[in-house]
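Below is one structure; the comments refer to it alone.
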Amino acid sequence: MASPAPTHHAKRRRLALPPPPPPHLNDLADELLFLILDRAAAHDPRALKSFSLVSRACHAAESRHRRVLRPFRPDLLPAALARYPAISHLDLSLCPRLPDAALAALPVAPFVSAVDLSRSRGFGAAGLAALVAAFPNLTDLDLSNGLDLGDAAAAEVAKARRLQRLSLSRCKRITDMGLGCIAVGCPDLRELSLKWCIGVTHLGLDLLALKCNKLNILDLSYTMIVKKCFPAIMKLQNLQVLLLVGCNGIDDDALTSLDQECSKSLQVLDMSNSYNVTHVGVLSIVKAMPNLLELNLSYCSPVTPSMSSSFEMIHKLQKLKLDGCQFMDDGLKSIGKSCVSLRELSLSKCSGVTDTDLSFVVPRLKNLLKLDVTCCRKITDVSLAAITTSCPSLISLRMESCSLVSSKGLQLIGRRCTHLEELDLTDTDLDDEGLKALSGCSKLSSLKIGICLRITDEGLRHVSKSCPDLRDIDLYRSGAISDEGVTHIAQGCPMLESINMSYCTKLTDCSLRSLSKCIKLNTLEIRGCPMVSSAGLSEIATGCRLLSKLDIKKCFEINDMGMIFLSQFSHNLRQINLSYCSVTDIGLISLSSICGLQNMTIVHLAGVTPNGLIAALMVCGLRKVKLHEAFKSMVPSHMLKVVEARGCLFQWINKPYQVAVEPCDVWKQQSQDLLVQ
């Protein structure tokens, strides 16, 4: 019987589904999108502008993302605040002239909580009234350097009821009346700076203490406070930081009146440059303030054993600054006995510091993390051996101009203090072996080795291999350094943000070409490098978009071409020194197109004419310009007044023309001879 024919089943066809659409920008959570934008802005702040131009969605996302606004022109404020509704911090410090009319035009912005007017002028009480009305949730206001602001302006500030942080530094026209208005109107104040407010007396402070009992930080530096002021200050039960720098109205008699029951909360006290305070006054301080964590008595009276012993009453003291003080016999030794909890000790420019004293102190400071012995010229390898043996956990060591410490002694630093993050060996006997010894200091972020004439490219090679996190390096007048050494640093330290190579006369454009790969570089000082030209500067301009400070004084080969590149790419430039360069009117006018440029030094620019200078000044919004005095008679006075009215300050320099760059060893010898004299 024949078998049945096989049955053929038709194959099922799979339907070809269309590919899923790509995720839309709106599908991303704002948190994730903002992280992406933060990364982009860290590389180049102008990247956000490019992103916003891609599409409407990108435009809206960038608007929601921005929290800080730094406008260059006050007339654009209304449009900018409408464009960025989520702004919380408004920085107007780049607007040198800010009239009341500009502040009156501000729209209501409930999200703005912080405003910085520290470098702006031209506004008064009317402008501040408009600002307070526009920002009802204002909590942080900086009015520093408001030389024209008086009590009427303070009365308007007092209407910001939610204010918590207020800076009135250098508002010299404010008196007790204005301070009283602020005290009554702003009871939630936590931080207040009255630095250089010379019209404030004990009457204003009495009302402040009565109304602002939440105050944590108070700065009264360089004011006229006297004995009568202390009872009011001590009534501030929550006060933690008190700054009294340069208050020469304070003497021992004033300090003996301190009420011991009213200052238990105080943790930080700065009385540096208060010349009328002796060991008697210091004893009163430590008795009245037993919970101090930080004490600064720099440039005060001589440090005696009795003063040092009194520090024993401050059991929790962690930071002690005695810069510029004279140590009497055994004064430093007493600190070793009394301050065993210290984490930071600063003895910069102190006289009377010897090996015997320092070797006695440091073994007793087991918790010491930061030590500053700058210009303690009597210490030798003996002190350094004691420091490195007793304090292996140091993260900061500053010993500039410790000229008696040998190169072998300096090698102990790298071998024993491997946790260092900051090291200052400026003007010492450091050599390549000392730099090689730093190979164990992998956390080093700041290294200052200027005026070290024995270091070479080989030493910098060791640094580049062992310190990948280096952000700041100072090679000032280290004359043996060449392009090879700078290239090592640029390749091995990609996080570099600041480098000083002034008067390293062997450097050429090759160094700048290497540094142009360090995209985070914001400060470049190459003063007195005669072989550097506009070609190298153009590499820096195109590669280092975050550049904000540039010193090219006596770089004779830099001309207008370098300025043109800066104007095209260095939009974050804030400060520049062009003295002695080969820049003409063309370069200066090109440079003036940088909106945020604030400070410029242009002394001895042979190619600049009065007409070119005025044209440049009229274009840009500079705040400070240093010029040679010869220009003062060449430029029409009414033009200068126009520029000054826009908020620019002129500083006239009368220095002779000096082209020659002295060799580093000659310069150092002359400096030492001057010091001996």
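Below, each value reflects all heavy atoms present in this structure, side chains not excepted, and no hydrogens, waters or symmetry copies.
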(message) Is the shortest side-chain heavy-atom distance between I285 and L292 below 4.5 Å?
(response) yes
(request) Begin from the C-alpha positions of V241 and N216 and carry the test side-chain contact (heavy atoms from CB on, under 4.5 Å) through to its verdict. (result) CA-CA 6 Å; V241 179; N216 299 135; over 6 Å; no
(message) If you define the side chain from C-beta out and look only at heavy atoms, does anything of L266 sit under 4.5 Å from N291?
(response) no
(request) Would you check, one step at a time, whether the test side-chain contact (heavy atoms from CB on, under 4.5 Å) holds for Q240 with I217? (result) CA-CA 6 Å; Q240 296 180 3; I217 301 175; 5.8 Å; no
(message) Is it the case that the side chains of T304 and S306 hold a donor-acceptor pair, with the cut-off being a distance below 3.5 Å and no angle test?
(response) yes
(message) So which atom in M271 and which in L297 form the shortest heavy-atom distance, rounded to 0.1 Å?
(response) CB-CD2, 4.2 Å
(message) With a 4.0 Å cut-off on N to O distance, would you call R162 and D188 a salt bridge?
(response) no
(message) What I want to find out is whether D253 reaches K227 closely enough, with some N-O distance under 4.0 Å, to be called a salt bridge.
(response) yes
(request) Salt-bridge test for K448 and D472: reply yes if a basic N is under 4.0 Å from a carboxylate O, no otherwise. (result) yes
(request) For the pair R574 (side chain) and N572 (backbone), establish whether a donor and an acceptor sit closer than 3.5 Å, ignoring hydrogens and angles. (result) yes
(message) Return the CG to CG distance between L179 and L192, rounded to the nearest 0.5 Å.
(response) 6.5 Å
(message) I'd like to know if the side chain of N654 and the backbone of E629 have a donor-acceptor N/O pair within less than 3.5 Å.
(response) no
(message) Under a 3.5 Å threshold, yes or no: a donor from one side chain and an acceptor from the other, between S167 and S144?
(response) yes
(request) Could you grab the distance from atom CG of L194 to atom CD1 of I225, nearest 0.5 Å is fine? (result) 10.0 Å
(request) Could you pull out the closest heavy-atom pair between C350 and C376, with the gap in Å? (result) O-SG, 4.2 Å
(message) Determine whether a donor-acceptor pair (N or O, by modelled atom type, separation under 3.5 Å) exists between the side chain of S221 and the backbone of V245.
(response) yes
(request) Given side-chain contact (heavy atoms from CB on, under 4.5 Å), test I335 with F327 step by step and report yes or no. (result) CA-CA 11 Å; I335 291 178; F327 277 88; 3.9 Å; yes
(message) Tell me the closest heavy-atom pair linking K549 and L573, and the distance in Å.
(response) N-CD1, 4.2 Å
(message) I'd like to check L627 versus V635 (side-chain heavy atoms, cut-off strictly below 4.5 Å). Are they in contact?
(response) no
(message) Taking the side chain as everything from C-beta on, heavy atoms only, tell me whether L77 gets closer than 4.5 Å to L92.
(response) yes
(request) To the nearest 0.5 Å, tell me how far N296 CG sits from S274 OG. (result) 9.5 Å
(request) Answer yes or no: is there an ion pair linking K641 with E644, defined by an N-O contact shorter than 4.0 Å? (result) no
(request) Kindly compute the distance separating NZ (K321) from CG (L295), expressed to the nearest 0.5 Å. (result) 11.5 Å
(message) Is any side-chain heavy atom of V625 closer than 4.5 Å to one of V643?
(response) no
(message) I'd like to know if E497 pairs up with K520 as an ion pair, taking the criterion as any Lys NZ or Arg NE/NH1/NH2 lying under 4.0 Å from an Asp or Glu carboxylate oxygen.
(response) no
(request) Would you check if V157 and L149 make a side-chain contact, meaning some heavy-atom pair closer than 4.5 Å? (result) no
(message) Nearest 0.5 Å, please: how far is OG in S113 from CD1 in I87?
(response) 10.5 Å
(request) Answer yes or no: is there a donor N or O on one side and an acceptor on the other, between the side chain of R398 and the main chain of K370, under 3.5 Å? (result) no
(message) With a 3.5 Å distance limit and no angle check, can you tell me whether S308 reaches the backbone of P305 through a side-chain donor-acceptor pair?
(response) no
(request) Using modelled atom types only, decide if a donor and an acceptor are shared between the side chain of T223 and the backbone of C197 within a distance under 3.5 Å. (result) no
(message) Tell me if the CE atom of M313 is crowded by more than 12 foreign heavy atoms within 6.0 Å.
(response) yes
(request) Quick one: list whatever passes side chain to side chain contact (heavy atoms under 4.5 Å, CB included) with A114, sequence neighbours left out. (result) H89, D140
(request) Check whether any side-chain heavy atom of E422 lies under 4.5 Å from a side-chain heavy atom of I395, and answer yes or no. (result) no
(request) For C620 and S592, work out which heavy atoms get closest and say how close. (result) CB-O, 3.1 Å
(message) Minimum heavy-atom separation for L37 and E62, please, with both atom names.
(response) CD1-CA, 4.4 Å
(request) Please identify each residue that fulfils side chain to side chain contact (heavy atoms under 4.5 Å, CB included) with K632, with sequence neighbours left out. (result) W652
(message) With a 3.5 Å distance limit and no angle check, can you tell me whether S63 reaches the backbone of R83 through a side-chain donor-acceptor pair?
(response) yes
(request) For the pair D151 (side chain) and T175 (backbone), establish whether a donor and an acceptor sit closer than 3.5 Å, ignoring hydrogens and angles. (result) yes
(message) If you apply the rule side-chain contact (heavy atoms from CB on, under 4.5 Å), what do you find for L117 with L131, and how did you get there?
(response) CA-CA 11 Å; L117 291 163; L131 183 140; 4.0 Å; yes
(request) Output yes when a side-chain donor or acceptor of R121 lies under 3.5 Å from a complementary backbone atom of N145, and no otherwise. (result) no
(message) Could you check whether atom CZ of R67 has more than 12 heavy atoms from other residues, nucleotides or ligands sitting under 6.0 Å from it?
(response) yes
(request) Say whether, by atom type as modelled, one donor and one acceptor occur between the side chain of N276 and the main chain of N248 under 3.5 angstrom. (result) yes
(message) Does any part of the side chain of E421, heavy atoms only, come nearer than 4.5 Å to the side chain of R471, both counted from C-beta?
(response) no
(request) For K235 and A209, work out which heavy atoms get closest and say how close. (result) CB-CB, 4.2 Å
(request) Please round to the nearest 0.5 Å and tell me the distance separating atom CG of L243 and atom OG of S272. (result) 8.5 Å
(request) Would you please say whether a donor-acceptor pair under 3.5 Å links the side chains of D323 and S346? (result) yes
